[in-house]
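Residue numbers begin at 1 in each chain, while the letters A, B, ... track the order of the sequences. Computation of the quantities below employed the complete heavy-atom set of this structure, encompassing side-chain atoms and omitting hydrogens, waters and symmetry-equivalent molecules.
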2 protein chains.
Amino acid sequence: MSDAGLKGKSMKKVTINSVAEYAGVSKKTVSRVLNNEPNVSPATREKVLKVFEELNYKPNPIARGLAQNRSFIIGCLYDNPSKSYITRVQSGALEACQKHSYNLLIHPCELRGQDLIDNVDQLLTTSRLDGIVLTPPFSDSNELIAFLKQRNIPYARVASAIEGDDSISIRSNDEQGAFELTEHLINLGHTEIAFIKGHPDHSATENRFSGYQKALTKHGIEYRERLVAEGNFSYHSGADSAKAILDLEPRPTAVFASNDYMAAAVLKLATQREIKVPEQLSIAGFDNAPIARHIWPGLTTIAQPVEEMTRIAVEELIKHISQPQEAPFQQVLEAKLITRESTKARSNS
Amino acid sequence: MSDAGLKGKSMKKVTINSVAEYAGVSKKTVSRVLNNEPNVSPATREKVLKVFEELNYKPNPIARGLAQNRSFIIGCLYDNPSKSYITRVQSGALEACQKHSYNLLIHPCELRGQDLIDNVDQLLTTSRLDGIVLTPPFSDSNELIAFLKQRNIPYARVASAIEGDDSISIRSNDEQGAFELTEHLINLGHTEIAFIKGHPDHSATENRFSGYQKALTKHGIEYRERLVAEGNFSYHSGADSAKAILDLEPRPTAVFASNDYMAAAVLKLATQREIKVPEQLSIAGFDNAPIARHIWPGLTTIAQPVEEMTRIAVEELIKHISQPQEAPFQQVLEAKLITRESTKARSNS
DNA sequence: CGACATTATGACACCGGTGTCAGACTGTAT
DNA sequence: ATACAGTCTGACACCGGTGTCATAATGTCG
């Protein structure tokens, strides 16, 4: 009655040696079966596999790592004020890692830290990573990328703007998304559309801004610099920008912030000042962060497939590690407009 | 001019053998110095340390792991709808890990998943974790804890209610926090205070509820079950509870939600129904999540030191791993009331 | 049937550290 | 000088796998 439910077996350690002995073959043959190597007779392979089952054998990843000089660990670098973005990145990366029996090591650090390269160098020598996923803003750091190349560490870039280079890169179409969102506002009758930029180190910042401008141009609306505020993706920067924008005379009828946190800051200030959203002011964000639907009115925004981008990036990275290919893998995913209550046709008051 | 800025040295691999040879001692002596073992003459120690510097030697954690049957990896289990809670947990855990040259492996999984034990078993055999940090709701899962004990895996519990057992456990005083917050509302003149419970699997749920009840009792306010709604910490559940509460006749003048996400849901619905917060309705949450200050009005809430709890838990865990002690480490940290705009004296209308 | 290519297998060194143990070298008490 | 405890050091096996290479077994072809 004791040990109930806990699959017993003998709790003795099962190593490659015990499997070999039990199956009556050499360690090396067991190793071959383990790694799906050729040149093992079907009969032998069968026999060994059966012993795996019977003894519930799991190879020791540490020993494998030592022999092959690998760690089976992928590192994930990030420096991002948005917690939700980080968790989405992690969740995509984890999915890919688990699928291929890798572990994920998360490493927050600062792009503008006193010495990023030293920091990463340290990370690499102490943790022996097999590869690194770069999330924004690291995906566009030429300095870091040059370092990784020189050290010959495989890497994949998520949501990067650098095109046509020879590395793995997955991104979504930010410019297109920003274009559609701006057009959505224009179609609602808005012409005075303020814009809050993101952090200058992120390539998304330039892309989203460019989408905004192109939509204006297409619809023959003059671009006015006074309607543009500099943010950095943080809620705080959004609050500062909101102040500048809502103080404008005449006040814009719509605000497009480069992410949802900054948009939420605009909404907060507008509400404090008793400016009615969306009746007197339309507000839109970008990312479809949780906060976009946790506030009232819900934010119109652009959803990007962050998990999927990261998952694909890590999968390709792992593929590349075990079998370096020539052709760099690059892919662009679609961003999608989500309309909620925060945007509305311009009133004729 | 080439290689500028990249500290060169010869890029050859530096192993314990090269260090030993260069210093003119045996591998074993180098190993002794590395591990700060006794019985090394000061002169020798000095000499070896100098060679470490000179060759920039970093021991290979994988080889060490194999020899000592350790992985230098701590696992972090979580199953929590709050992203901000998760990132705070991670950040505390990371800090402790980095300090002691451990890695952190994050592992989201479901408490009520089809087979939690199998899942964790799998994790343990494939990743060879040295220890596990249990965050809510796992910190209170007797089944899981029994399993870890039987497998002899060191663990630490964060924010758990189980007291007086023999394991490492760090928590904050949730009951006291809830008590203070409720008292704050009572002092503002509220007597009809609705309460939204958290997820029944989390011990915090019971503690916070109990703090609420005790404050009512202390101030001679009758406890009424109709004012209590069942939530589960998710925004969605908060929205459902909000509906039930705001439909009550007469409507309560204050709502205390067991976390900030649910409080935000109450605020959203109240705003939609044009109930003025805080003039007509005071709202309070718990956790001091980012959203509490990202919305208007900002939420009165209780701040708990999540990072610090986790950091301490992991530090104690690592201490325990390298040197098992008898005395279990247990500690209770303070939770702190933060007042913002969402609570106000009851109006006499 | 011999010459040779191909497949299947195992012996053994090796990855880069640590544990065990024996031996050399002190210092101190007899 | 002898005995003995304590300090310092290195040889060697070992952790649990993989890489290299030799060799045995089998298949193919002229």
[N] [atom2] sits how many Å from [X] [atom1], rounded?
X	N	atom1	atom2	value
A:Arg70	D:dG17	CZ	P	15 Å
B:Phe52	C:dG17	CZ	P	9 Å
A:Glu21	D:dG16	CD	C1'	15 Å
A:Gln68	D:dG17	CD	P	12 Å
B:Glu37	C:dG17	CD	P	14 Å
B:Ile16	D:dA11	CD1	P	14 Å
A:Lys27	C:dC12	NZ	C1'	9 Å
A:Asn39	D:dC21	CG	P	16 Å

[X] near the nucleic acid: base, sugar-phosphate alone, or nothing, with a heavy-atom cut-off under 4.0 Å?
X	value
B:Asn35	sugar-phosphate
A:Pro38	nothing
A:Val25	sugar-phosphate
B:Asn69	nothing

Nearest-0.5 Å distance, CG of residue A:Asp121 to CG of residue A:Asp115: 9.5 Å

Take B:Arg32 and B:Ile62, find for each the nucleotide of DNA chain C with the closest heavy atom, and name the residue whose nucleotide sits nearer the 5' end. B:Ile62

Residue-phosphate contact under 4.0 Å: [X] side-chain N/O, [N] OP1/OP2:
X	N	result
A:Ser26	C:dT9	no
B:Ser41	D:dT7	no
A:Thr15	D:dG16	no
B:Ser31	C:dT18	yes
B:Tyr57	C:dG16	no
A:Arg64	D:dT18	yes

Want to settle it: does B:Thr29 or A:Leu66 sit nearer the 5' end of DNA chain D, counting the closest nucleotide to each? B:Thr29

Stepwise side chain to side chain contact (heavy atoms under 4.5 Å, CB included) check, B:Ser101 with A:Thr126: CA-CA 8 Å; B:Ser101 302; A:Thr126 59; over 6 Å; no

salt_bridge(B:Lys319, B:Glu316) N-O dist < 4.0 Å: yes

Could you tell me whether A:Arg171 and A:Asp140 have a side-chain N and a carboxylate O separated by less than 4.0 Å? no

Candidates [options] - which lies nearest the side chain of [X]:
X	options	result
B:Lys28	D:dG16, D:dT20, D:dA11	D:dA11
B:Leu34	D:dT9, C:dT18, D:dT18	C:dT18
B:Pro42	D:dC8, D:dA11, C:dG19	D:dC8

pair B:Tyr22-B:Leu55: side-chain heavy atoms closer than 4.5 Å: yes

Step by step, would you call B:Gln90 with A:Gln90 a side chain to side chain donor-acceptor pair (under 3.5 Å)? CA-CA 11 Å; B:Gln90 287 179 356; A:Gln90 289 178 356; 2.9 Å; yes

